[in-house]
Amino acid sequence: MRYGYFDDKQREYVITRPDTPLPWLNYLGCEAYFGLISNTAGGYSFYRDARLRRLTRYRYNNVPLDSGGRYIYLRDNESQEFWSPSWQPTRQPVEDYVCRHGMGYSIIGSTHDKIETRTRYFVPLDEDLEIWQMTVTNHRRKPARLSVFSSIEFCLWDALDDATNFQRNFSTGQVEFEDGVIYHKTEYRERRDHFAYFACSHKLAGYDTQREAFLGAYRGWENPAVVERGRSANSEAHGWAPIGSHHVKLRLKPGETRQIIFVLGYFENPRAQKFEPPDSQTINKREVRAVIAKYLQAENADAAFEALRRHWDNLLGLYQVKTPDLHTNRMVNIWNAYQCMVTFNLSRSASFFESGIGRGLGFRDSNQDLLGFVHMAPSRARERILDLAATQLSSGGAYHQYQPLTKRGNNDVGSNFNDDPLWLIVGVAAYLKETGDFSVLDEPVPYDNQPGSEQPLYEHLQRSLRYTLDRLGPHGLPLIGRADWNDCLNLNCFSDTPGQSFQTTTNKDGRVAESIFIGGLFVLAAGELAAIAQQLGRSDEAVRYLADGAEMERTVRQHGWDGAWFLRAYDDFGRKVGSSECEEGQIYIEPQGICVMAGIGLEDGLARQALEAVNQRLGTAHGIVLLQPAYSKYFLHLGEISTYPAGYKENASIFCHNNPWVIIAETRMGNGDRAHDYYTRINPSAREKISEVHRCEPYVHCQMIAGPDAPTHGEAKNSWLTGTAAWTYAAVTQWILGIRPTFAGLQVAPVIPTKWKGYTAVRIFRGVTYFIEVVRRGPGNSVTLTVDGAAVKGDIVPMPSAGTEAVRVSVELA
Ligand code: BGC
Ligand code: NOJ
């Protein structure tokens, strides 16, 4: 069953009924000001940091679902009926409901008693504000007398404090109202130099800024007293719950359409010029007035929207493909790339499943996110790399997370996730191959943000590798620390106290438990660093890193092979995890994927065997599960992984993030059919037709899909912000389609399904447009390359000479 359809031409998903199984979200904003918006206008906005600079309130896990948003009410002043064009929060029956989620914007509307409303929500590029452009059309034969009420609820900035510290917060709320604009200025009197504003393009019949005055006591957003009565209270918030609501009265002739624009934004004043007059407590509005006035003009709002469209044309234009498979095309060309950008921006901080207060940016997460994003905005990738590296510790270790606003490592979560540092190498390697910008390696970057500790980025990478070698266990394999990629495999935790964090509790000294996963990742990272060293002319170092990698590979083969697949780990007792000897958790997906990606066992059949085991033991119609058999009870020595009921999350769900590792591994084995089959199983577009089972958005990947051990097998959760986005994008674009940036040039080495006759693609790489045509002549993967009509050996298109704008690449596969 479907709840809408893809409009690929417009690059939109069009939702045609409001009661989707879960709120289906989109994101507004590209760089600093962000918003989440659901298909019924739920969601909230923030500036840079979803926890520390929250502009509007949202009630997570509330009932009804999806409470709090950018709500507009319409009221027919003759019949006194009122409704929400976005269905929520009034939830009256709607006609012609539609929500078009596009690239950085959403358009939501419906018709009620022949009054049609459409609202386009978006954040202009380079602005810290959002625009709601609403049009109302009277399709009646007679004039209509209408009232429009806008509404938002302000958050008192720190979202965690806002949701908990009521003894203070009920007394601190402050607003100003001037020239029709509502200013939210809680704490502006003291240490904050920022405020929010909410403006309307029309003359107002009234306004409200105090929630209780607007809703009425003991009433909810579904029937505000002010809307019911058709008259604002003109309330001014003193403490309690500041909101923003404008009231506009409209008279529409038959057939007439009118536009009303609302602008919600964030603004910072220089500290010394906060107030105007300077000795007053009134916000200095000299600068902000111009910004507000600009976007209340329809032509400026339209121009900003067109600029946003062009922005996405350009970004998506960097990689466009035409294959025989609709779902591949749609995801590569539109949604997967878009999701990569959103995930890069927000890491795992703010979605329907991440409250925005739990986490900052993850170190390993953000490094992996670079893989799907780096071609779209290399300068932002560069900045992110330097920010991440600046939180690295001088030991080479890493804070697990940092707050985007302060760019400091998060002490609460701390360090000792022993895979973390290696991901920096993987991320930087992707950046270098895409851009060729080796200057980044010379950038002085501090450790733990301490001034005076700066070392070139390259040294950070060296320490990352060293960090693993300094922490080897009894088998010579990497010690796992708190956890490796799998945050829930906590082999040193041994927690028997409810409420303790599995992420931070460590009851063992950590000198025994080892990770084969980190072993595989180390081999991969050592190879990357060796290639970088080679490019820098540091051949001795390159040789050493390769030797380190080879040594680790030997160790993995000796102590990390279980007979038919790669082992997962050794626990604190030195016993095997992920082995046929275990009763449960006999085989895990992660080491199979990462070891084969690192090239281990490609030549001698180990890789083939491991991937067969994955296929046989972990494959399901909904994707590949993380482990089997699922853990049936809590195991003190394994930690959080065994806290989840079987089939969910790390305990044997389809944890989508590592499906692409197996996909890449299959392409390394030359198996395009299987790679693409696995890809299709988790492809959200291909799953659209089972939306009632999948339940999450059909246009973006999710973190997990319940595994066969769960009663809800096939049900997705944790959509949007997941490493699945970047890895799937990398798997399909670089490994199945095979178009890979390398230091020598653009490689084209497709491993596509045998039944595909070929594909065409346009890829802009280092400023040059590559027009690529792949034609299948035989069933294999061997490439015959022609570049601008001339035969070229191998499968890498050499870097074109300076000034070249376009290159024609044709590939025959046989
Ligand atoms: C989740 C993991 C996550 C970890 C850290 C666990 O509860 O299952 O997926 O990585 O929390 O946030
Ligand atoms: C989600 C976390 O963000 C990520 O860092 C981790 O690798 C996976 N969960 C697996 O536990």
Side-chain angles (χ1 to χ4, degrees), residues 40-41 69-90 92-98 106-122 130-152 177 179-182 197-209 213-215 221-235 243-264 292-293 295-302 305:
T40 58
R70 302 170 180 84
Y71 295 139
I72 292 174
Y73 301 86
L74 259 75
R75 182 177 189 274
D76 185 325
N77 289 335
E78 273 150 44
S79 69
Q80 308 195 356
E81 249 194 289
F82 62 90
W83 69 96
S84 307
S86 59
W87 188 59
Q88 288 255 57
T90 62
Q92 80 297 327
V94 277
E95 296 156 36
D96 300 330
Y97 162 87
V98 67
S106 292
I107 302 169
I108 306 176
S110 63
T111 300
H112 183 90
D113 199 7
K114 299 207 164 72
I115 304 295
E116 183 190 337
T117 312
R118 286 268 177 288
T119 309
R120 182 165 80 186
Y121 299 92
F122 70 102
E130 64 189 66
I131 298 179
W132 313 359
Q133 257 181 305
M134 182 184 81
T135 54
V136 192
T137 306
N138 177 13
H139 293 295
R140 298 176 185 165
R141 294 232 178 107
K142 52 178 193 156
R145 287 201 299 124
L146 304 170
S147 276
V148 175
F149 294 91
S150 64
S151 71
I152 44 127
F177 179 77
D179 295 335
V181 183
I182 293 160
Y197 56 87
F198 190 33
C200 171
S201 61
H202 265 56
K203 189 170 150 288
L204 301 187
Y207 65 93
D208 275 290
T209 66
F214 181 71
L215 297 181
W221 294 97
E222 72 283 355
N223 64 340
V226 156
V227 178
E228 190 176 271
R229 152 175 105 217
R231 191 166 24 89
S232 294
N234 296 341
S235 58
I243 63 153
S245 171
H246 308 95
H247 177 196
V248 171
K249 284 192 172 163
L250 287 181
R251 273 169 176 281
L252 293 183
K253 296 196 273 283
E256 188 181 353
T257 298
R258 291 275 275 282
Q259 184 173 150
I260 302 180
I261 298 176
F262 299 97
V263 176
L264 172 65
I292 296 173
Y295 290 106
L296 290 178
Q297 303 270 332
E299 14 355 319
N300 295 333
D302 288 343
F305 184 74

Residue pair Ile243 / Ile152, side-chain heavy-atom distance below 4.5 Å: no

Tyr121: what forms a ring-ring contact (aromatic ring centres under 6.0 Å, His included) with it, not counting sequence neighbours? Trp132

ring-ring contact (aromatic ring centres under 6.0 Å, His included) partners for His246, two or more places apart: Phe198, Phe262

To the nearest 0.5 angstrom, please state how far the CZ atom of Arg70 sits from the OG atom of Ser150. 13.0 Å

Hits for side chain to side chain donor-acceptor pair (under 3.5 Å) against Arg75, two or more places apart or cross-chain, chain-then-number order -> Asn77

Distance only, no hydrogens: is a donor on one side chain within 3.5 Å (strictly under) of an acceptor on the other, for Asp208 and Ser235? yes

Report yes if some heavy atom in the side chain of Ile72 is under 4.5 Å from a heavy atom in the side chain of Ser84; otherwise report no. no

Carboxylate-amine/guanidinium contact Arg140 Asp76, below 4.0 Å: yes

Mind checking the CG-CD spacing from Asp113 to Glu81? Nearest 0.5 Å is all I need. 6.0 Å

I'd like to check the ring-ring contact (aromatic ring centres under 6.0 Å, His included) partners of His112; sequence neighbours left out, ordered by chain and number. Trp83

Which atom pair, heavy atoms only, marks the closest approach of Phe149 to His247? CE2-CG, 3.3 Å

Got Ile107 and Thr119 here, is their nearest side-chain heavy-atom distance under 4.5 Å? no

Can you list everything that forms a side chain to side chain contact (heavy atoms under 4.5 Å, CB included) with Phe305? Sequence neighbours excluded, please. Tyr105, Arg120, Phe122, Arg309

Taking only residues two or more places apart in sequence, or in another chain, which ones meet Asn223 in a side chain to side chain donor-acceptor pair (under 3.5 Å)? none

Could you measure the distance from the CG atom of Asn234 to the CG atom of Leu204? Nearest 0.5 Å is fine. 9.0 Å

Please find the pair of heavy atoms, one from Ala41 and one from Tyr71, that lie closest to each other, and give the distance. O-CE2, 3.8 Å

Exam field: side chain Ser110 to backbone Pro85, donor-acceptor pair closer than 3.5 Å: yes

Listed by chain and number, what are the side chain to side chain contact (heavy atoms under 4.5 Å, CB included) partners of Ala293, not counting sequence neighbours? none

Summary of salt bridge (Lys or Arg N to Asp or Glu O under 4.0 Å) pairs that have at least one residue in residues 243-257, sequence neighbours excluded: Glu256-Arg258

Taking Glu222's backbone N and O only, do any of them form a donor-acceptor pair with Thr90's side chain (distance below 3.5 Å, no angle check)? no

What residues, two or more places apart in sequence or in another chain, satisfy side chain to side chain contact (heavy atoms under 4.5 Å, CB included) together with Val98? Val14, Arg100, Arg118

Distance (rounded to the nearest 0.5 Å) between Asp96 CG and Thr117 OG1: 11.5 Å

Mind checking ring-ring contact (aromatic ring centres under 6.0 Å, His included) for Trp87 and listing every partner two or more places apart, or none if nothing turns up? none

Checking Thr257 now: which residues fulfil side chain to side chain donor-acceptor pair (under 3.5 Å) with it, not counting sequence neighbours? Thr137

Classify the side-chain pair Gln133/Asp302 by whether it contains a donor and acceptor separated by less than 3.5 Å. yes

When you compare the side chains of His139 and Thr111, does any donor N or O come within less than 3.5 Å of an acceptor on the partner? no

Are any non-hydrogen side-chain atoms of Leu74 and Phe82 less than 4.5 angstrom apart? no

Report the residues that fulfil side chain to side chain donor-acceptor pair (under 3.5 Å) with Ser201, sequence neighbours left out, ordered by chain and then residue number. none

